Structure formats: C-alpha cells, structure tokens
2 protein chains.
Amino acid sequence: MARTRQRTPNEVALIGRHTQQRSVVLAAFIRADGFVGAQALHSQLAADGTPVGLSTVYRTLTRLADAGRADLVRDPGGERLFRYRPGPDHRHYLICTECGLNRPVDSGPIEDWADGIAQDSGFAHVRHTVELSGVCPDCGRAPATAERR
Amino acid sequence: MARTRQRTPNEVALIGRHTQQRSVVLAAFIRADGFVGAQALHSQLAADGTPVGLSTVYRTLTRLADAGRADLVRDPGGERLFRYRPGPDHRHYLICTECGLNRPVDSGPIEDWADGIAQDSGFAHVRHTVELSGVCPDCGRAPATAERR
DNA sequence: CGCTAGGTGCAAATGATTTTCACATCAATG
DNA sequence: CATTGATGTGAAAATCATTTGCACCTAGCG
Ligand SMILES: [Mn+2]
Ligand SMILES: [Mn+2]
Ligand SMILES: [Zn+2]
Ligand SMILES: [Zn+2]
C-alpha cells in the first residue's frame with residue numbers, strides 16, 4: 001500500500017500531472033452530471049468558493065475530451081458542451097433545448113448503420129456525430145413561460 | 001468580365017428581394033457543389049471578380065439555411081459550412097477530412113431510428129444532426145501530401 | 001419618376017476559445 | 001529534505017468566426 005496522495009479521482013492521472021485545480025475541476029465536472037460549457041463550469045467553481053482560472057478549465061476539459069473521458073457537442077450558438085463519461089463507449093443524447101435535460105438514447109441501430117456506411121464507402125477512420133434535440137414533456141407543457149436555460 | 005447579368009435563380013425569391021449580390025453569391029454557392037464556409041465563398045467571389053461584402057455572404061447563406069435550402073455542418077474548428085440543397089429533404093454526408101470530398105449517404109435507417117426515438121421519448125420538435133467523416137480512398141492512399149480541399 | 005422597406009458594406013463589437021508569458025508547483029532524484 | 005527541470009496556472013492580450021451599427025444604396029410598386 002504505497003502512500004500516494006489519494007485525495008483525487010485517479011482520472012486526473014490520465015490527463016497529466018495531478019494538481020489542486022484539476023481535482024477541483026474534475027470533481028465539479030462529474031458532479032455536473034450533464035452537458036456543461038467551460039464558462040458555466042468556471043462560474044460554478046467560483047460560486048463554490050474554489051475558483052480556478054478560465055484557461056485552466058478550458059485546458060482541463062479539452063484534455064479530458066482528448067483522452068476520451070468526455071463527450072462533446074456543439075451548442076446551437078457554437079459553444080462546446082462537455083459531458084463526463086466514465087466508461088469507454090461513447091453515447092448519444094436527446095437534449096431538451098429549453099431546460100437542458102438530457103437522456104442517453106439507445107444508439108445501437110445507428111452504430112450499426114454507421115459501421116455499414118464506413119464499410120461500403122471505402123473510407124478509413126470513419127467517425128460519426130449524432131445529436132438529437134427537442135422539447136421535453138415538461139417544457140412542452142409549460143408554454144414560453146418555461147424557465148430559460 | 002462580362003458581368004453575366006443573369007437569370008435570377010428563382011431561389012433568390014425565397015430569401016427576400018432580388019439583388020445583384022444575392023445572384024452572384026447563390027450562383028457561386030451552387031457551383032461550389034460541396035460544403036463551403038462563408039469566408040471561403042467570399043474569397044472565391046473576390047477571385048472571380050465579383051466581390052461581395054463578407055457580411056452579405058454571411059447574411060445570404062444564413063437565410064438560405066433558414067429557408068431550408070442549405071445543409072449546415074460544423075467544421076471541427078467550429079466554422080459553419082454550408083452546402084446547397086436543391087430538394088426539400090435534408091441529407092447527411094460522409095466527408096473526407098483530408099480533401100473535402102463528400103458524398104450523401106443512404107440515411108433512411110437513421111431517419112426511421114430518429115423518428116422512433118422522438119416517438120418514444122415524449123419530446124416534441126425533435127431534430128437531429130448526423131455527420132460522418134473519414135479519409136477517402138484517394139487520400140488514404142496518398143500520404144499527407146493530398147491536395148487540400 | 002418618387003418613395004420606402006429592404007439591402008449593402010465597411011468598421012467596430014461580440015463572444016468563445018486560445019495563446020502568451022512571468023510565476024508557481026509538481027515529482028523525480030540524490 | 002533540498003534541488004531542479006518539466007509542467008501547470010492565470011490574467012491579460014490575441015484569435016477568429018460571426019454579428020451588428022450605421023450611413024448609404026436600390027429594388028420594385030404605384
Ligand atoms: Mn455513436
Ligand atoms: Mn436526417
Ligand atoms: Zn425541458
Ligand atoms: Zn479525400
């Protein structure tokens with residue numbers, strides 16, 4: 001039992017050196033449990049009393065995504081939204097454009113479809129992006145009065 | 001040279017008043033026959049000797065997209081790429097990340113899949129984004145030397 | 001023609017993300 | 001433990017695609 005400092009999710013190891021900031025960012029990111037933008041996470045951290053530089057938040061999220069520990073989508077406004085992903089498989093989500101509620105969908109069919117296309121096309125390294133968005137039942141019920149974002 | 005005073009592709013009508021600029025932009029856009037960014041189109045127009053303000057190019061492409069006459073995807077760098085679409089149905093493409101070559105794919109399966117998800121989810125106004133990218137046979141064959149775009 | 005809602009094109013403004021760079025911290029090493 | 005080269009951090013400036021403000025045009029209808 002080596003006595004290594006354990007107070008941080010070992011995920012940090014995957015993206016380089018272990019630092020206070022990374023622990024904090026990662027913890028908040030996981031806690032967010034949904035898609036978050038770097039800006040939002042940065043604000044959240046400040047609110048939590050554990051401020052971290054915006055640059056660092058960006059760097060951390062980007063690295064996580066590169067390391068395959070986060071799913072990434074584009075906000076209609078062009079903002080990058082990240083979502084923590086514990087497992088190795090990527091997922092696809094149905095996101096409510098009104099409240100942000102999101103739920104993973106059964107994407108088996110598209111995965112197969114995409115694989116088929118890749119196969120037949122002759123293209124190599126075929127990757128795919130699939131995003132579903134709409135208005136969730138709750139937001140659909142309450143008219144335009146629904147809470148904004 | 002000869003300023004081809006032209007037949008207004010009636011498409012122009014769909015997006016408002018008919019102007020010299022819109023004709024030119026639309027013509028170049030159609031001629032591009034593939035995904036183009038506003039910037040690239042703007043440069044192309046200048047090179048063609050029919051310069052149009054960048055703002056106007058942006059405005060025109062945006063309107064076409066809103067009118068449903070163009071498909072829109074996001075470049076990995078975040079840039080918006082448009083592709084002219086004559087018909088009413090949207091399409092999905094497999095794009096070569098090396099040379100830009102793109103071909104529409106048979107998306108029947110995903111359309112059905114997406115409809116099913118929408119159905120079961122209870123969400124309203126469900127929309128989807130599906131993008132496939134990879135390296136085309138030609139580019140796969142020739143190293144990184146492949147012609148850009 | 002004459003008028004006006006709608007267009008155009010600069011330049012300046014936005015806004016998200018990146019980079020710069022002086023300074024702090026990590027972690028391996030002796 | 002102290003040293004030290006590699007890394008990480010953050011405030012501010014830089015990027016970059018896209019938008020907007022605004023003074024100036026122009027379709028297009030009567
Ligand atoms: Mn997938
Ligand atoms: Mn579709
Ligand atoms: Zn909702
Ligand atoms: Zn190619």
Side-chain angles (χ1 to χ4, degrees), chain A residues 2-8 10-26 28-29 35-46 49-67 70 72-82 149, chain B residues 3 5-29 35-46 49-67 70 72-82 149:
Chain A
R3 60 164 316 293
T4 26
R5 266 212 270 175
Q6 272 303 337
R7 69 205 212 211
T8 45
N10 57 10
E11 308 291 306
V12 172
L14 289 175
I15 63 175
R17 198 170 268 178
H18 164 208
T19 70
Q20 285 284 302
Q21 292 83 332
R22 284 181 182 168
S23 301
V24 168
V25 171
L26 186 55
F29 182 42
F35 286 98
V36 235
Q39 317 255 11
L41 198 51
H42 174 252
S43 304
Q44 183 60 62
L45 289 168
T50 50
V52 172
L54 181 57
S55 322
T56 298
V57 175
Y58 269 110
R59 287 189 278 237
T60 304
L61 291 178
T62 298
R63 277 170 167 249
L64 278 173
D66 287 347
L72 173 53
V73 304
R74 285 270 185 187
D75 182 81
E79 187 179 358
R80 280 179 169 79
L81 299 182
F82 302 77
R149 248 254 119 207
Chain B
R3 164 104 48 177
R5 205 328 204 230
Q6 63 331 303
R7 60 184 45 286
T8 309
N10 59 9
E11 311 291 302
V12 172
L14 289 175
I15 63 174
R17 196 173 273 177
H18 164 209
T19 70
Q20 190 90 183
Q21 291 86 330
R22 283 180 182 169
S23 301
V24 169
V25 172
L26 187 54
F29 181 42
F35 286 97
V36 234
Q39 315 256 12
L41 199 51
H42 174 252
S43 304
Q44 183 60 61
L45 289 167
T50 50
V52 173
L54 180 57
S55 321
T56 297
V57 175
Y58 269 111
R59 288 188 276 237
T60 304
L61 291 179
T62 298
R63 279 176 168 244
L64 278 172
D66 287 347
L72 173 52
V73 304
R74 285 270 185 185
D75 184 80
E79 187 179 357
R80 280 179 171 77
L81 299 181
F82 303 77
R149 237 265 125 205

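All chains are named by letter (A, B, ...) in the order of the sequence lines, taking the proteins before the strands, and each is independently numbered beginning at 1. Note that these values count all heavy atoms, side chains included, but never hydrogens, waters or copies made by symmetry. Being a predicted model, the structure only gives us computed values, none of them experimental.
When rounded to the nearest whole Å, the span between CG of L61(A) and P of dT9(D) equals 12 Å. In this entry the distance linking CG of D66(B) with C1' of dT19(D) reads 14 Å, nearest Å. If you take NE2 of H42(A) and C1' of dT9(D), they are 12 Å apart, rounded to a whole angstrom. In this structure, R63(A) places its CZ atom 13 Å from P of dT18(C), rounding to the nearest Å. Going from atom CD of Q20(A) over to atom C1' of dA27(C) covers 15 Å, rounded to whole Å. Rounded to an integer number of Å, the gap from CG of L72(A) to P of dA16(C) is 16 Å. Rounded to whole Å, atom P of dT19(C) lies 14 Å from atom CG of L54(A). dT17(C) atom P lies 12 Å from atom CG of L41(A), rounded to whole Å.
Both E79(A) and R22(B) lie near DNA chain C, and the one whose nearest nucleotide falls closer to the 5' end is R22(B). Mapped onto DNA chain D by nearest heavy atom, Q39(B) and V57(A) fall at different nucleotides, with V57(A) at the one closer to the 5' end.
Within 4.0 Å (heavy atoms only), R74(A) reaches no atom of the nucleic acid at all. Using a 4.0 Å heavy-atom criterion, one finds that G16(B) contacts the sugar-phosphate atoms exclusively.
Separating the CG atom in L72(A) from the OG1 atom in T62(A) is a distance of 8.5 Å, to the nearest 0.5 Å. Once rounded to the nearest 0.5 Å, the distance linking CZ of R22(B) with CG of L14(B) reads 11.5 Å. For the atom pair CD1 (I15(B)) and CG (L26(B)), the distance works out to 6.5 Å, reported to the nearest 0.5 Å. Atoms CZ and CD, on R74(B) and E79(B) in that order, are 10.0 Å from each other to the nearest 0.5 Å.
For dT19(D), neither phosphate oxygen OP1 nor OP2 lies less than 4.0 angstrom from any side-chain nitrogen or oxygen of Y58(B). At dG10(D), one or more side-chain N or O atoms of Q21(A) fall inside 4.0 Å of OP1 or OP2 (strictly under the cut-off).
Taking only side-chain atoms of S55(B), from C-beta outward, the nucleotide of dA17(D), dG10(D), dC10(C) with the closest atom is dC10(C).
For the pair H42(A) (side chain) and V52(A) (backbone), a donor-acceptor distance under 3.5 Å is present.
In the interface, the side chain of T19(A) is not paired with the base of dT7(D) through any donor and acceptor atom under 3.5 Å apart. Within 3.5 Å, a donor on the side chain of R17(A) pairs with an acceptor on the base of dA6(D), or the reverse. Between the side chain of R59(B) and the base of dG9(C) there is at least one donor-acceptor pair of N/O atoms closer than 3.5 Å.
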